[in-house]
Structures are given as C-alpha cells and as structure tokens.
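Down below is the structure, laid out as structure tokens.
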Amino acid sequence: MQLVVARIGRAHGIKGEVTVEVRTDEPELRLGPGAVLTTEPASAGPLTIESGRVHSGRLLLRFEGVRDRSAAEALRNTLLIAEVDPEELPEDPEEFYDHQLIDIDVVTVDGTEVGRVSEVSHLPYQDLLIVKRPDGGEVMIPFVSEFVPEIDLEEQRAVIDPPPGLLDEAEAEIAGSRKDEAESGRKKDEADGGRKGDTAGGREDESS
C-alpha cells in the first residue's frame with residue numbers, strides 16, 4: 001500500500017536542499033539516503049533521496065538531480081509517498097503506522113463516543129491525532145500515553161483520557177475560573193498573614 005511519509009516545504013540554502021514535514025514515525029527508514037519515493041503530483045517524481053540532515057530541529061533532504069534553489073523551490077508542497085507492506089508492523093508495540101490509526105473509533109475512558117481518527121499530524125514537538133467528530137467538527141488529541149492510554153487495533157478503537165477543556169470548551173472555562181478563584185484566595189491569605197496550607201504542609205513534612 002502507499003503511505004504519505006512527508007510533505008516538502010520551502011527550499012533551504014542554494015544547493016538544492018528542502019525542508020520536509022515528516023509524516024512517518026520512522027523517518028530514518030522511510031526517508032533515508034537511497035530511498036525512492038513516488039510523489040503527488042506524480043509529475044514531480046519519482047524522487048531519490050541523496051542525503052538528509054537535521055537542522056534547527058527540522059529534517060532537510062537533498063534529492064538526486066536537484067542542484068539549486070530554484071529546482072528545490074519547484075518541489076514545494078509535493079507529497080512524498082512510500083510503498084509499505086500493509087502487514088508490516090513497527091518493532092516497538094507502542095508505536096503505530098499512520099494507516100493503522102486512520103478511521104479507528106475514539107472513545108473516552110468512560111465509553112463516551114468522541115469520533116474517528118481522520119489524520120495523524122507529526123509536529124516537531126509531538127504527534128497529534130486529528131479526530132473527526134459526529135457533528136462535523138474536529139478535535140486534536142496529543143498522541144501521548146497520558147491522554148491516549150490505549151490503542152486496540154483488533155477492536156479498531158482508541159481510548160482517550162482528555163484533560164478538562166480539550167473536548168469541551170465550557171469545561172476549560174470552569175476549570176479556569178476555579179483556578180482564578182484559588183489564586184485570588186491564596187493572595188488574600190498571604191495579605192492577611194495566614195497560611196491555609198499549614199496542615200497539608202505538616203503532612204508533607206511527616207512523610208518526608
């Protein structure tokens with residue numbers, strides 16, 4: 001099967017390098033030197049990776065035959081596509097290929113339906129599950145074990161444990177109001193010279 005593994009960004013420098021938006025969990029395998037990738041649009045490829053390096057947290061690639069900035073800039077927004085065996089699985093059981101996650105159901109830990117995964121977004125700092133909701137809206141779930149404690153491929157289901165406000169903005173407003181009230185109360189206590197945390201502080205000392 002075909003899998004989109006990256007999107008070409010802007011040209012970098014004058015020798016044909018390009019930035020890429022990585023869309024695979026295994027860039028060292030899919031985007032390594034010698035890899036031959038088809039493209040979308042097809043007229044831009046196929047492209048063979050000549051070299052790659054990381055610069056300021058971003059992956060830079062150079063393709064065979066692309067030698068100057070103009071040729072590199074002409075590839076901007078081109079999708080890079082790899083051929084992947086649909087039966088192939090990552091070595092780490094906690095890792096997943098994008099195609100394994102697309103279209104699986106998303107529910108909360110209490111069983112509430114959230115929607116279906118429509119896309120996996122690979123950002124420099126973390127991956128996001130883009131979930132299409134039944135009402136047509138979208139929600140972005142950070143793809144970390146704290147918020148996504150379970151992926152069940154057999155049941156085609158992802159279980160999420162979202163923090164307040166991630167799914168419901170009203171919850172975020174309530175949580176924010178409570179935080180503001182607590183902060184206001186703390187400042188008042190400090191102004192009055194009192195410490196409401198004395199008891200808790202005592203417990204902490206006893207346990208240390």
Carboxylate-amine/guanidinium contact Glu17 Arg69, below 4.0 Å: no
So, do Leu59 and Leu31 sit near enough that their side-chain heavy atoms are less than 4.5 Å apart? yes
For Asn77, the side chain to side chain donor-acceptor pair (under 3.5 Å) test, sequence neighbours excluded, returns Arg7
Applying side-chain contact (heavy atoms from CB on, under 4.5 Å) to Ala74 and not counting sequence neighbours gives none
Can you tell me how far apart CD1 (Ile8) and CG (Leu79) are? Round to the nearest 0.5 Å. 8.5 Å
Using modelled atom types and a 3.5 Å cut-off, is there a donor and acceptor pairing between side-chain atoms of Thr19 and backbone atoms of Arg10? yes
Could you list the donor-acceptor pairs under 3.5 angstrom formed between side-chain atoms of residues 36-52 and any protein atom two or more places apart in sequence or on another chain?
residue : atom : partner : partner atom : Å
Thr38   : OG1  : Ile81   : O            : 3.3
Thr39   : OG1  : Pro41   : O            : 2.7
Thr39   : OG1  : Gly45   : N            : 3.0
Glu50   : OE1  : Arg67   : NH1          : 3.3
Glu50   : OE1  : Arg67   : NH2          : 2.9
Glu50   : OE2  : Arg67   : NH1          : 3.1

Could you list the donor-acceptor pairs under 3.5 angstrom formed between side-chain atoms of residues 102-119 and any protein atom two or more places apart in sequence or on another chain?
residue : atom : partner : partner atom : Å
Asp105  : OD1  : Arg116  : NE           : 2.9
Thr108  : OG1  : Asp110  : OD1          : 2.3
Thr108  : OG1  : Thr112  : N            : 3.1
Asp110  : OD1  : Thr112  : N            : 3.2
Asp110  : OD1  : Thr112  : OG1          : 2.9
Ser118  : OG   : Ile130  : O            : 3.2

Under the salt bridge (Lys or Arg N to Asp or Glu O under 4.0 Å) rule, collect the residues that match up with Arg76, sequence neighbours excluded. Glu73
Assess the residue pair Leu129 and Leu101 against the criterion (side chain to side chain contact (heavy atoms under 4.5 Å, CB included)); give the C-alpha distance rounded to whole Å, side-chain angles, the decisive distance to 0.1 Å, and a yes or no. CA-CA 9 Å; Leu129 298 182; Leu101 301 172; 4.1 Å; yes
What one should report as the nearest heavy-atom pair of Arg30 and Ala35 is O-CB, 3.6 Å
For residues 17-71, which residue pairs qualify under ring pair (Phe, Tyr, Trp, His ring centres under 6.0 Å), counting only residues two or more places apart or in two chains? His12-His55
Sorted by chain and number, sequence neighbours left out, side chain to side chain donor-acceptor pair (under 3.5 Å) with Gln156 holds for none
Review item, side-chain donor-acceptor pairs of residues 133-153, under 3.5 Å, at least two apart:
residue : atom : partner : partner atom : Å
Arg133  : NH1  : Leu167  : O            : 3.2
Asp135  : OD1  : Gly137  : N            : 2.9
Asp152  : OD1  : Glu154  : N            : 3.1
Asp152  : OD1  : Glu155  : N            : 3.0

